[in-house]
Amino acid sequence: MNEKQKKQMAVMTDAVQPHCDENIIAAITCSHGGTIARTLIAKIFLGGFGASWGTSGLPNPVFIAVGKKNVYAFSYKPRGFKFKIKKEVARWPKNELRVETDMTGKMYKFKLSTPSDESYSLEIPVMFGGRELAQFFLDSLKG
């Protein structure tokens, strides 16, 4: 990552660090799989109806943070170029998660699966220079 991307990652990890009981390696905001396309379709063809449909019990968008032992999900509100973390909505032991990634195109997609067969399909937009940031996050998630 270049210096600008390191600063962006630091802003995100710093936002969640006070809410976690371990050092956070990486953090990023994600949307439910297909959300961006669904929102565009809803706004263009349905007058906005259905734009907030979700695909899981997680908020949309969701803030995901990766520690050495756990992966955390938070609800949040953007505040300019910073983030206001609202509350933790899920926590999973990192070594119990199965992570599948598709890092092609303009969206990096990933799926988190738990031993209890819960699964969360999420995506990170990578147009506008976000590839390295998303790559670092996904490598941390898998590693």
Side-chain angles (χ1 to χ4, degrees), residues 1-44 48-143:
M1 288 190 297
N2 64 33
E3 286 305 311
K4 181 180 177 185
Q5 292 161 336
K6 287 179 184 176
K7 286 180 183 178
Q8 288 173 316
M9 182 59 69
V11 166
M12 291 185 281
T13 56
D14 290 350
V16 295
Q17 189 61 67
H19 305 275
C20 302
D21 53 6
E22 65 179 306
N23 187 42
I24 296 303
I25 302 164
I28 205 158
T29 60
C30 311
S31 296
H32 294 200
T35 297
I36 293 174
R38 198 169 36 251
T39 300
L40 288 174
I41 290 169
K43 286 186 185 266
I44 293 169
F49 178 75
S52 62
W53 292 336
T55 59
S56 73
L58 297 177
N60 192 28
V62 63
F63 206 105
I64 303 289
V66 180
K68 189 173 184 177
K69 295 178 185 177
N70 295 295
V71 175
Y72 305 82
F74 294 94
S75 60
Y76 75 99
K77 280 210 175 253
R79 294 262 170 132
F81 292 106
K82 296 189 178 193
F83 306 93
K84 177 169 176 34
I85 303 302
K86 292 169 73 177
K87 70 177 186 173
E88 182 178 314
V89 294
R91 181 186 299 204
W92 309 281
K94 186 176 174 182
N95 64 351
E96 293 180 11
L97 281 178
R98 208 170 51 252
V99 180
E100 301 169 44
T101 60
D102 176 9
M103 295 182 279
T104 58
K106 294 181 171 119
M107 286 290 175
Y108 281 3
K109 299 174 184 176
F110 65 102
K111 181 178 178 181
L112 301 176
S113 301
T114 68
S116 60
D117 289 329
E118 296 171 7
S119 69
Y120 305 93
S121 295
L122 301 164
E123 60 190 16
I124 306 165
V126 293
M127 46 213 154
F128 313 120
R131 288 188 191 285
E132 291 82 8
L133 200 63
Q135 180 74 50
F136 178 80
F137 170 80
L138 292 171
D139 288 347
S140 299
L141 187 62
K142 293 194 294 188

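- Rounding to the nearest 0.5 angstrom, the gap separating the NZ atom in K77 from the CZ atom in F83 is 14.0 Å.
- Taken to the nearest 0.5 Å, the CD1 atom of I24 stands 5.0 Å off from the OH atom of Y72.
- There is a side-chain donor-acceptor pair under 3.5 Å between E22 and N70.
- Counting only heavy atoms from C-beta outward, the side chains of Y108 and R131 approach each other to under 4.5 Å.
- Here the side chain of E123 pairs no donor or acceptor atom with the backbone of F110 at under 3.5 angstrom.
- Side-chain atoms of D102 do not come within 3.5 Å of backbone N or O of K109 as any donor-acceptor pair.
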* To do: Applying side-chain contact (heavy atoms from CB on, under 4.5 Å), run through L133 and M12 and close with a yes or a no.
  => CA-CA 11 Å; L133 200 63; M12 291 185 281; 3.8 Å; yes

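- Using cut-offs of 30° and 60° on the angle between ring planes, the pair Y120 and W92 is tilted.
- Note: K111 NZ to S119 OG = 4.5 Å, rounded to the nearest 0.5 Å.
- At least one donor-acceptor pair closer than 3.5 Å links the side chain of H32 to the backbone N or O of P59.
- Between L58 and A90, the shortest heavy-atom distance links the atoms CD2-CB, 4.1 Å.
- Looking at K94 and K69, their side chains never come closer than 4.5 Å, going by heavy atoms from C-beta outward.
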* To do: For side-chain contact (heavy atoms from CB on, under 4.5 Å), just list the numbers for F63 and I28, CA-CA rounded to whole Å, side-chain angles, deciding distance to a tenth of an Å, and then say yes or no.
  => CA-CA 6 Å; F63 206 105; I28 205 158; over 6 Å; no

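- Looking only at side-chain heavy atoms (C-beta outward), M9 and F136 come within less than 4.5 Å of each other.
- In terms of heavy-atom proximity, E100 sits nearest to S113 at OE2-OG, 4.4 Å.
- Nearest heavy-atom pair across I124 and A134 is CG2-CB, 4.0 Å.
- In this structure, K68 has no salt bridge (Lys or Arg N to Asp or Glu O under 4.0 Å) partners at least two apart in sequence or on a different chain.
- Inter-residue side-chain proximity for L141 and L112 is flagged as met; some heavy-atom pair is nearer than 4.5 Å.
- Judged purely by atom type and a 3.5 angstrom limit, Q5 uses its side chain to pair as donor or acceptor with the backbone of N2.
- Between K6 atom NZ and T13 atom OG1 the span is 13.0 Å, to the nearest 0.5 Å.
- Distance alone, capped at 3.5 Å, places no donor-acceptor pair between the H19 side chain and the F74 backbone.
- Nearest approach of S75 to V89, heavy atoms of both residues: N-CG1, 4.1 Å.
- Residues V71 and L97 meet the side-chain proximity criterion, which asks for heavy atoms closer than 4.5 Å.
- Rounded to the nearest 0.5 Å, atoms NZ (K7) and CE (M1) are 13.0 Å apart.
- C30 and L122 make their closest contact through CB-CB, 4.1 Å (heavy atoms, listed as atom of the first residue, atom of the second, distance).
- Residues A27 and V16 share a closest heavy-atom pair of CB-CG2, 4.2 Å.
- For the pair T114/R98, no side-chain contact is recorded, criterion being any heavy-atom separation below 4.5 Å from C-beta on.
- Under the salt bridge (Lys or Arg N to Asp or Glu O under 4.0 Å) criterion, E88 pairs with R91, not counting sequence neighbours.
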